Amino acid sequence: MRKIAYIALFISVFWSCQVQQTIVDRPIVFDDERIALTKEYLLQRYNVEQNNPEIKPTMIVLHWTAIPTLEGSFDAFKDTKLPNWRPDIENVSGLNVSTQFLVDRDGTIYRLMPENYMGRHVIGLNHCSIGVENVGGTDKYPLTKQQLKSNIWLVNYLAEKYNIDYLIGHYEYILFEGHPLWLEVDDGYRTEKTDPGTDFMKKVRKATKKFNFKPVPSK
Ligand SMILES: [Zn+2]
């Protein structure tokens with residue numbers, strides 16, 4: 001009898017660990033100007049003309065901020081315009097970078113903007129993807145076990161809510177060049193990325209295998 005009680009206790013503790021995750025809303029500025037700049041970005045970079053900043057998510061992109069603190073990371077996304085934007089440079093959008101989710105080092109998940117609004121976090125694929133940023137990622141502040149757990153939970157949450165085909169690390173975005181989802185119009189607009197690391201991706205993929213996401217295109 002006692003054995004059964006222990007097993008029941010184990011199961012309930014295990015179950016509560018699985019479901020006790022929550023999302024904390026901590027909105028960045030998403031005013032009329034940011035909405036206008038988002039629509040402008042969709043038009044200029046992707047040739048997509050629409051009267052709202054909404055996306056139909058089919059991809060999740062995991063990142064690290066390389067900024068060691070939550071506040072520093074949040075501040076990078078908070079304002080509407082890029083900090084050093086020069087409006088005189090033609091064809092470069094003034095829309096600030098952003099992400100739908102930001103995961104703190106203790107695993108707390110913050111939602112920074114509506115999940116179905118376009119964020120600016122990955123060249124070529126913002127129109128179809130939800131971004132998950134993780135605080136830290138440098139040698140001194142490697143991503144934590146709690147962040148890994150929260151990323152796995154978030155992928156589950158998103159894959160159950162939307163028709164997600166792809167789960168990728170930011171460093172893999174370049175492999176989508178030439179793919180039907182790739183819409184960036186400027187061949188010269190690329191940046192080299194390593195986040196969130198191959199080891200982190202391997203672990204998240206292993207834990208979310210049941211969703212059978214499509215393989216990342218190979219070059
Ligand atoms: Zn990134």
Side-chain angles (χ1 to χ4, degrees), residues 26 28 34 38 41-42 45-46 55 57-79 81-85 92-105 107-113 115 117-144 146-148 150-155 158 164-177 179 181-184 186 188-205 208 213 216-217 219:
R26 190 175 172 191
I28 53 174
R34 199 164 194 151
T38 302
Y41 185 101
L42 280 161
R45 310 246 56 98
Y46 301 149
I55 60 167
T58 57
M59 181 184 286
I60 301 165
V61 185
L62 306 185
H63 302 260
W64 65 40
T65 65
I67 299 168
T69 64
L70 173 70
E71 294 311 316
S73 300
F74 182 84
D75 284 349
F77 306 121
K78 190 182 72 191
D79 294 332
K81 286 186 193 165
L82 276 177
N84 299 314
W85 182 49
V92 175
S93 173
L95 177 67
N96 195 13
V97 289
S98 54
T99 178
Q100 283 82 355
F101 294 95
L102 176 62
V103 181
D104 197 3
R105 301 189 59 71
T108 307
I109 300 170
Y110 295 94
R111 180 165 43 209
L112 308 191
M113 51 186 273
E115 290 169 7
Y117 274 22
M118 192 204 82
R120 184 178 186 179
H121 59 96
V122 57
I123 292 168
L125 303 164
N126 287 312
H127 63 93
C128 63
S129 67
I130 288 181
V132 178
E133 288 275 1
N134 288 277
V135 175
T138 55
D139 286 348
K140 206 174 165 194
Y141 296 96
L143 299 188
T144 65
Q146 291 94 321
Q147 284 175 311
L148 175 65
S150 293
N151 277 247
I152 292 165
W153 185 89
L154 249 186
V155 170
L158 293 170
I164 303 293
D165 290 326
Y166 294 98
L167 166 67
I168 72 166
H170 195 186
Y171 65 90
E172 295 171 306
Y173 86 98
I174 207 91
L175 297 168
F176 280 84
E177 263 186 283
H179 187 278
L181 283 175
W182 182 271
L183 294 186
E184 173 57 42
D186 183 354
Y189 181 41
R190 303 285 186 274
T191 49
E192 206 174 305
K193 296 290 176 183
T194 57
D195 63 316
T198 51
D199 187 52
F200 191 80
M201 281 314 296
K202 211 180 279 174
K203 286 174 179 158
V204 178
R205 283 196 166 114
T208 57
F213 297 122
V216 174
K219 284 229 159 166

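Counting starts at 1 for both ligands and their atoms, following the listed order. On a predicted model such as this, the values are computed, not experimentally measured, just so you know. FYI, the numbering just counts along the sequence from 1.
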Kindly compute the distance separating CG (L148) from CE (M201), expressed to the nearest 0.5 Å. 10.5 Å
Proximal heteroatom of D195 relative to the Zn ion (ligand 1) (N/O/S): OD2
Salt bridge between E71 and R26, side-chain N to carboxylate O under 4.0 Å? yes
Has the side chain of R45 got a donor or acceptor atom that lies under 3.5 Å from a matching backbone atom of D186? no
Find, among atoms of H170 that are N, O or S, the one nearest to the Zn ion (ligand 1), and state its name. ND1
Which atom of H63 is nearest the Zn ion (ligand 1), counting N, O or S only? It is ND1
For the residue pair Y173 and H170, categorise the inter-ring angle as parallel (less than 30°), tilted (30 to 60°) or perpendicular (more than 60°). tilted
